[in-house]
Amino acid sequence: PHGRYRRGLQGADFSLEANTESVPADGRYYVLRGGEVVVASENFQEAIAEYNRLCREFWLERLDADEPQVRVAAAWGLLGLDAGDKTAQAVIVKDGTPQERKRLEQAQSRRRALRTRAAAAAK
């Protein structure tokens, strides 16, 4: 990594970092959880895979929150990792605002159009 890199979620106890005050400046990416190193790798893909796994775990736990806005935020997080996540889509349909439901519908429409174009191009 060149320069400082930090990625984290508000309220989460984990982060992905490189060259920060929390980790050595040694050319590696670090996934920290509760301040402890979970992964240290020169390979960004390896580090981001573990970070995304922790994100998924974090958001799945929040799908059962009492507050609808927390459930919807978690659903959007999950859709960022897997645009086809049916559980996350259902949460937005059930608990989202009309604008959020429209945003979901537009995203699904774009995905269908891209799949159709890709299939046509492959023929």
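The first residue in the sequence is number 1, and the count goes up from there.
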Hey, does the side chain of Arg56 reach the backbone of Leu81 with a donor-acceptor pair shorter than 3.5 angstrom?
-> no
Separation between CD of Glu57 and CZ of Arg62, rounded to the nearest 0.5 Å | 10.0 Å
About how many Å separate CZ of Arg71 and CG of Asp64, when rounded to the nearest 0.5 Å?
-> 8.5 Å
Determine, step by step, whether Leu78 and Thr87 satisfy the side chain to side chain contact (heavy atoms under 4.5 Å, CB included) criterion, reporting the C-alpha distance in whole Å, the side-chain angles of both residues, the deciding distance to 0.1 Å, and the verdict.
-> CA-CA 9 Å; Leu78 287 168; Thr87 303; over 6 Å; no
Do Val70 and Val91 belong together in a cluster built from hydrophobic side chains that touch within less than 4.5 Å?
-> no
Taking a hydrophobic cluster as the set of Ile, Leu, Val, Met, Phe, Trp and Tyr residues connected by side-chain heavy atoms closer than 4.5 Å, whether directly or through intermediates, do Leu104 and Val72 fall within one such cluster?
-> yes
Cation over ring face, Arg7 and Tyr5, 6.0 Å, 45° = no
Do Arg4 side-chain atoms and Thr20 backbone N/O form a donor-acceptor pair below 3.5 Å?
-> no
Closest non-hydrogen contact found for Asn19 with Gly3 is ND2-O, 2.8 Å
When rounded to the nearest 0.5 Å, the distance separating CG of Leu60 from SG of Cys55 is 11.0 Å
Using distance alone, with no hydrogens and no angle criterion, decide if Glu100 and Thr97 have a side-chain donor and acceptor under 3.5 Å apart.
-> yes
In the single-linkage hydrophobic clustering (I, L, V, M, F, W, Y; side-chain heavy atoms under 4.5 Å), do Phe14 and Val38 co-cluster?
-> yes
Is there a donor-acceptor pair closer than 3.5 Å between any side-chain N or O of Gln89 and the backbone N or O of Ala83?
-> yes
Determine, step by step, whether Arg101 and Glu105 satisfy the salt bridge (Lys or Arg N to Asp or Glu O under 4.0 Å) criterion, reporting the C-alpha distance in whole Å, the side-chain angles of both residues, the deciding distance to 0.1 Å, and the verdict.
-> CA-CA 6 Å; Arg101 288 192 295 271; Glu105 184 180 307; over 6 Å; no
Taking C-beta and beyond as the side chain, do Tyr51 and Leu9 meet within less than 4.5 Å on heavy atoms?
-> yes
For atom CD of Glu36, is the number of surrounding heavy atoms from other residues, nucleotides or ligands below 6.0 Å larger than 12?
-> no
Give the minimum heavy-atom separation between Trp59 and Gly77, together with the two atoms involved.
-> CZ3-O, 3.1 Å
Contact check, side chains of Val37 and Leu32, non-hydrogen atoms, under 4.5 Å = yes
